[in-house]
Amino acid sequence: MDAGLQQALNPLAPSQDTAMHVPAGSVTSHLGTTGRSYFYFTTASLALCLVFAVATIMVLVVQKTDSIPNPPGKFHLKGGNCSEDISCILERAAFKKSWAYLQVSKHINKTKLSWNKDGITHGVRYQDGNLVIQFPGWYFIICQLQFLVKCPEHSVDLKLELLINRDVKKQTLVTVCESGMQTKNIYQNLSQFLLEHLQVNATISVKVDKFQYVDTNTFPLENVLSIFLYSSSD
(Lines give C-alpha, C1' and ligand atoms only; values in the text may rest on other atoms or scores of the structure.)
Protein backbone atom coordinates (compact mmCIF):
# COMPACT_ATOMS: atom_id res chain seq x y z
CA MET A 1 0.00 0.00 0.00
CA ASP A 2 1.20 3.50 -0.72
CA ALA A 3 2.94 4.96 2.33
CA GLY A 4 1.03 8.26 2.10
CA LEU A 5 -2.35 6.51 1.92
CA GLN A 6 -1.49 4.24 4.87
CA GLN A 7 -0.47 7.27 6.94
CA ALA A 8 -3.76 9.00 6.11
CA LEU A 9 -5.83 5.97 7.23
CA ASN A 10 -3.97 5.30 10.50
CA PRO A 11 -5.57 8.19 12.48
CA LEU A 12 -9.05 6.77 11.67
CA ALA A 13 -8.31 3.31 13.11
CA PRO A 14 -8.76 3.03 16.93
CA SER A 15 -5.66 1.85 18.73
CA GLN A 16 -5.64 -1.32 20.83
CA ASP A 17 -4.91 0.72 23.93
CA THR A 18 -7.97 2.86 23.42
CA ALA A 19 -10.26 -0.13 22.75
CA MET A 20 -9.05 -2.27 25.65
CA HIS A 21 -8.60 0.26 28.41
CA VAL A 22 -12.07 1.50 29.47
CA PRO A 23 -12.16 3.48 32.74
CA ALA A 24 -13.75 1.46 35.60
CA GLY A 25 -15.89 4.43 36.61
CA SER A 26 -17.68 4.46 33.26
CA VAL A 27 -18.67 0.78 33.66
CA THR A 28 -20.00 1.40 37.15
CA SER A 29 -21.92 4.44 35.96
CA HIS A 30 -23.47 2.44 33.13
CA LEU A 31 -24.56 -0.36 35.48
CA GLY A 32 -25.99 2.15 37.95
CA THR A 33 -27.99 3.81 35.19
CA THR A 34 -29.34 0.43 34.06
CA GLY A 35 -30.32 -0.48 37.65
CA ARG A 36 -32.13 2.81 38.14
CA SER A 37 -33.95 2.41 34.85
CA TYR A 38 -35.15 -1.08 35.89
CA PHE A 39 -36.27 0.26 39.30
CA TYR A 40 -38.23 3.10 37.70
CA PHE A 41 -39.84 0.72 35.23
CA THR A 42 -40.84 -1.73 37.99
CA THR A 43 -42.25 1.06 40.18
CA ALA A 44 -44.25 2.50 37.29
CA SER A 45 -45.64 -0.95 36.46
CA LEU A 46 -46.75 -1.57 40.05
CA ALA A 47 -48.36 1.86 40.24
CA LEU A 48 -50.24 1.19 37.00
CA CYS A 49 -51.49 -2.15 38.36
CA LEU A 50 -52.67 -0.45 41.56
CA VAL A 51 -54.54 2.24 39.63
CA PHE A 52 -56.18 -0.42 37.47
CA ALA A 53 -57.25 -2.43 40.55
CA VAL A 54 -58.75 0.64 42.26
CA ALA A 55 -60.57 1.61 39.06
CA THR A 56 -62.00 -1.91 38.77
CA ILE A 57 -63.30 -1.84 42.35
CA MET A 58 -64.90 1.57 41.79
CA VAL A 59 -66.64 0.33 38.65
CA LEU A 60 -68.02 -2.70 40.50
CA VAL A 61 -69.30 -0.53 43.37
CA VAL A 62 -70.98 1.89 40.94
CA GLN A 63 -72.57 -1.00 39.04
CA LYS A 64 -73.82 -2.49 42.31
CA THR A 65 -75.28 0.83 43.45
CA ASP A 66 -76.93 1.53 40.11
CA SER A 67 -78.52 -1.93 40.04
CA ILE A 68 -80.55 -1.20 43.21
CA PRO A 69 -83.67 0.82 42.36
CA ASN A 70 -85.04 3.41 44.74
CA PRO A 71 -87.89 2.06 46.87
CA PRO A 72 -91.32 3.51 46.08
CA GLY A 73 -91.86 6.83 47.78
CA LYS A 74 -88.13 7.30 48.41
CA PHE A 75 -85.83 9.83 46.80
CA HIS A 76 -82.20 10.87 47.12
CA LEU A 77 -81.61 13.54 49.73
CA LYS A 78 -79.77 16.64 48.56
CA GLY A 79 -77.82 19.12 50.57
CA GLY A 80 -76.86 18.87 54.21
CA ASN A 81 -73.67 17.57 55.74
CA CYS A 82 -73.71 14.07 57.20
CA SER A 83 -70.00 13.28 56.86
CA GLU A 84 -69.73 12.94 60.64
CA ASP A 85 -73.13 11.34 61.28
CA ILE A 86 -72.86 7.58 60.82
CA SER A 87 -76.63 7.02 60.94
CA CYS A 88 -77.11 9.60 58.18
CA ILE A 89 -74.43 7.94 56.04
CA LEU A 90 -75.95 4.48 56.47
CA GLU A 91 -79.47 5.69 55.76
CA ARG A 92 -78.31 7.19 52.45
CA ALA A 93 -76.34 4.08 51.43
CA ALA A 94 -77.53 1.53 48.91
CA PHE A 95 -77.47 -1.34 51.45
CA LYS A 96 -80.51 -0.11 53.41
CA LYS A 97 -82.12 -3.50 53.90
CA SER A 98 -79.87 -4.79 56.68
CA TRP A 99 -76.98 -3.16 58.53
CA ALA A 100 -75.60 -2.54 61.99
CA TYR A 101 -73.03 -0.29 63.67
CA LEU A 102 -72.22 -1.08 67.31
CA GLN A 103 -69.66 0.26 69.78
CA VAL A 104 -68.09 -2.02 72.36
CA SER A 105 -69.45 -1.97 75.89
CA LYS A 106 -67.33 -0.26 78.55
CA HIS A 107 -67.85 -3.18 80.91
CA ILE A 108 -65.96 -6.12 79.39
CA ASN A 109 -65.54 -9.15 81.62
CA LYS A 110 -65.18 -12.10 79.24
CA THR A 111 -63.51 -13.06 75.98
CA LYS A 112 -66.74 -12.77 74.00
CA LEU A 113 -67.28 -9.04 73.62
CA SER A 114 -70.54 -7.32 74.37
CA TRP A 115 -71.75 -4.21 72.54
CA ASN A 116 -73.83 -1.19 73.47
CA LYS A 117 -77.49 -2.01 72.99
CA ASP A 118 -78.26 1.53 71.88
CA GLY A 119 -76.16 1.05 68.73
CA ILE A 120 -77.54 1.46 65.25
CA THR A 121 -79.25 -1.64 63.84
CA HIS A 122 -81.62 -2.08 60.93
CA GLY A 123 -82.92 -5.40 59.63
CA VAL A 124 -80.67 -7.26 62.08
CA ARG A 125 -81.16 -8.19 65.74
CA TYR A 126 -78.72 -7.89 68.66
CA GLN A 127 -78.81 -10.48 71.45
CA ASP A 128 -76.21 -11.41 74.12
CA GLY A 129 -73.20 -10.19 72.19
CA ASN A 130 -74.45 -11.63 68.87
CA LEU A 131 -75.76 -9.97 65.76
CA VAL A 132 -78.57 -12.21 64.49
CA ILE A 133 -79.22 -12.14 60.75
CA GLN A 134 -82.80 -11.55 59.55
CA PHE A 135 -82.27 -11.53 55.77
CA PRO A 136 -80.17 -14.10 53.85
CA GLY A 137 -77.39 -12.96 51.56
CA TRP A 138 -73.77 -11.85 51.30
CA TYR A 139 -72.63 -9.67 54.20
CA PHE A 140 -69.59 -7.48 54.75
CA ILE A 141 -68.45 -7.80 58.38
CA ILE A 142 -65.94 -5.32 59.79
CA CYS A 143 -64.49 -5.13 63.29
CA GLN A 144 -61.93 -2.70 64.72
CA LEU A 145 -60.56 -2.63 68.27
CA GLN A 146 -58.08 -0.43 70.10
CA PHE A 147 -55.80 -1.92 72.76
CA LEU A 148 -53.75 -0.31 75.52
CA VAL A 149 -51.15 -2.60 77.06
CA LYS A 150 -49.09 -1.65 80.09
CA CYS A 151 -46.16 -3.88 79.37
CA PRO A 152 -45.40 -6.54 81.95
CA GLU A 153 -42.09 -8.43 82.15
CA HIS A 154 -43.10 -10.67 79.26
CA SER A 155 -44.56 -10.35 75.78
CA VAL A 156 -48.32 -10.21 75.24
CA ASP A 157 -50.27 -11.80 72.38
CA LEU A 158 -53.34 -9.88 71.24
CA LYS A 159 -55.83 -11.82 69.15
CA LEU A 160 -59.11 -10.77 67.53
CA GLU A 161 -61.49 -13.44 66.21
CA LEU A 162 -64.60 -13.09 64.04
CA LEU A 163 -67.07 -15.92 64.62
CA ILE A 164 -70.03 -17.10 62.57
CA ASN A 165 -72.31 -19.45 64.49
CA ARG A 166 -69.53 -20.02 67.07
CA ASP A 167 -67.02 -21.00 64.37
CA VAL A 168 -63.91 -18.83 63.91
CA LYS A 169 -63.89 -17.52 60.33
CA LYS A 170 -61.18 -14.84 60.51
CA GLN A 171 -58.56 -13.90 63.09
CA THR A 172 -55.73 -11.43 63.63
CA LEU A 173 -52.78 -11.96 65.98
CA VAL A 174 -50.03 -9.55 67.01
CA THR A 175 -47.36 -9.74 69.72
CA VAL A 176 -46.48 -6.63 71.73
CA CYS A 177 -44.13 -5.83 74.63
CA GLU A 178 -41.39 -8.02 73.26
CA SER A 179 -38.36 -8.62 75.49
CA GLY A 180 -35.82 -5.83 75.53
CA MET A 181 -38.32 -3.06 74.75
CA GLN A 182 -38.32 -0.11 77.15
CA THR A 183 -41.79 1.19 76.21
CA LYS A 184 -44.19 1.16 79.14
CA ASN A 185 -47.48 1.60 77.26
CA ILE A 186 -48.35 0.14 73.86
CA TYR A 187 -51.29 1.37 71.79
CA GLN A 188 -52.30 -1.25 69.25
CA ASN A 189 -55.06 -1.32 66.66
CA LEU A 190 -56.47 -4.64 65.44
CA SER A 191 -59.01 -4.92 62.64
CA GLN A 192 -60.50 -7.67 60.53
CA PHE A 193 -63.10 -7.93 57.80
CA LEU A 194 -65.01 -10.77 56.19
CA LEU A 195 -67.33 -11.31 53.24
CA GLU A 196 -69.63 -14.22 54.08
CA HIS A 197 -72.91 -15.67 52.83
CA LEU A 198 -75.27 -15.93 55.81
CA GLN A 199 -78.66 -17.53 56.35
CA VAL A 200 -81.52 -16.33 58.55
CA ASN A 201 -80.72 -16.65 62.30
CA ALA A 202 -76.98 -16.95 61.66
CA THR A 203 -75.01 -15.20 64.42
CA ILE A 204 -71.96 -12.92 64.31
CA SER A 205 -69.75 -12.37 67.35
CA VAL A 206 -66.25 -11.25 68.32
CA LYS A 207 -63.78 -12.81 70.76
CA VAL A 208 -60.61 -11.36 72.28
CA ASP A 209 -58.33 -13.49 74.45
CA LYS A 210 -56.82 -10.57 76.39
CA PHE A 211 -60.06 -8.63 76.76
CA GLN A 212 -58.65 -6.66 79.71
CA TYR A 213 -56.44 -4.72 77.28
CA VAL A 214 -59.30 -3.41 75.13
CA ASP A 215 -59.10 0.38 75.51
CA THR A 216 -62.58 1.78 76.15
CA ASN A 217 -61.37 5.10 77.56
CA THR A 218 -58.85 6.70 75.18
CA PHE A 219 -60.71 6.03 71.92
CA PRO A 220 -64.16 4.72 72.91
CA LEU A 221 -65.67 5.49 69.51
CA GLU A 222 -63.02 3.48 67.64
CA ASN A 223 -64.05 0.05 69.00
CA VAL A 224 -66.76 -0.96 66.60
CA LEU A 225 -68.48 -3.90 64.92
CA SER A 226 -70.26 -3.12 61.67
CA ILE A 227 -72.05 -5.25 59.08
CA PHE A 228 -74.13 -4.60 55.98
CA LEU A 229 -75.99 -6.71 53.47
CA TYR A 230 -74.12 -6.42 50.15
CA SER A 231 -76.23 -8.79 48.05
CA SER A 232 -79.59 -10.26 49.06
CA SER A 233 -80.58 -13.89 48.37
CA ASP A 234 -84.35 -13.42 48.56
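Not measured: the values here are computed from a predicted model.
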Inset, instruction - Determine whether V176 and Y187 fall in the same hydrophobic cluster, where Ile, Leu, Val, Met, Phe, Trp and Tyr are linked whenever their side-chain heavy atoms lie under 4.5 Å apart. - result: no

Legend entry - Rounded distance [0.5 Å steps], CG in N223 versus OG in S105: 11.0 Å

Inset, instruction - Would you check if the side chain of K169 reaches a backbone N or O of I164 as a donor-acceptor pair within less than 3.5 Å? - result: no

Inset, instruction - Considering only Ile, Leu, Val, Met, Phe, Trp and Tyr, and joining two whenever side-chain heavy atoms are under 4.5 Å apart, list the other residues clustered with L221. - result: none

Inset, instruction - Tell me, yes or no, whether the heavy-atom count around K170 atom NZ, taken from other residues, nucleotides or ligands under 6.0 Å, exceeds 12. - result: yes

Inset, instruction - Kindly give the heavy-atom pair with the smallest separation between W99 and V124, and that separation in Å. - result: O-CG1, 3.4 Å

Legend entry - Side-chain heavy atoms of I120 within contact of L102, under 4.5 Å: no

Enumerate donor-acceptor pairs with a distance under 3.5 Å from any side-chain N or O in residues 188-200 to protein atoms, sequence neighbours excluded.
unit_1 : atom_1 : unit_2 : atom_2 : d
Q192   : NE2    : Q171   : O      : 3.2
Q192   : NE2    : T172   : OG1    : 2.6
H197   : NE2    : S233   : OG     : 2.9

Legend entry - Residue pair S226 / Y101, side-chain heavy-atom distance below 4.5 Å: yes

Legend entry - Any residue meeting side-chain hydrogen bond (donor to acceptor under 3.5 Å, both in side chains) with T175, in chain and number order, not counting sequence neighbours: D157

Show me the side-chain donor-acceptor pairs of residues 133-152 shorter than 3.5 Å, one per line, residues at least two apart or across chains.
unit_1 : atom_1 : unit_2 : atom_2 : d
Q134   : NE2    : V132   : O      : 3.2
Y139   : OH     : S98    : OG     : 3.3
Y139   : OH     : F135   : O      : 2.6
Q144   : NE2    : E222   : O      : 3.0
Q144   : NE2    : E222   : OE1    : 3.4

Legend entry - Step-by-step side-chain contact (heavy atoms from CB on, under 4.5 Å) determination, C177 to H154: CA-CA 7 Å; C177 301; H154 54 81; over 6 Å; no

Inset, instruction - Identify, with sequence neighbours excluded, every residue that meets side-chain hydrogen bond (donor to acceptor under 3.5 Å, both in side chains) alongside N116. - result: none

Inset, instruction - Kindly say whether P220 contributes a backbone atom to a donor-acceptor pair with the side chain of D215 at under 3.5 angstrom? - result: no

Legend entry - side chain to side chain contact (heavy atoms under 4.5 Å, CB included) partners for D209, two or more places apart: K159

Inset, instruction - Any salt bridge (Lys or Arg N to Asp or Glu O under 4.0 Å) involving residues 117-145? Give me the pairs, sequence neighbours left out, ordered by first then second residue. - result: none

Legend entry - Heavy-atom side-chain contact between V208 and L113 under 4.5 Å: yes

Legend entry - Residues forming a side-chain hydrogen bond (donor to acceptor under 3.5 Å, both in side chains) with Q212, sequence neighbours excluded: none

Legend entry - 4.5 Å side-chain heavy-atom contact, Q103 and L225: no

Inset, instruction - Take L162 and V168, measure what side-chain contact (heavy atoms from CB on, under 4.5 Å) needs, and give me the verdict at the end. - result: CA-CA 6 Å; L162 284 179; V168 177; over 6 Å; no

Inset, instruction - With sequence neighbours excluded, tell me which residues meet side-chain hydrogen bond (donor to acceptor under 3.5 Å, both in side chains) with T121. - result: none

Legend entry - Partners passing side chain to side chain contact (heavy atoms under 4.5 Å, CB included) against S205 (at least two apart in sequence or in another chain): K112, N130, L163

Legend entry - For F219, all residues meeting ring-ring contact (aromatic ring centres under 6.0 Å, His included), sequence neighbours excluded: none

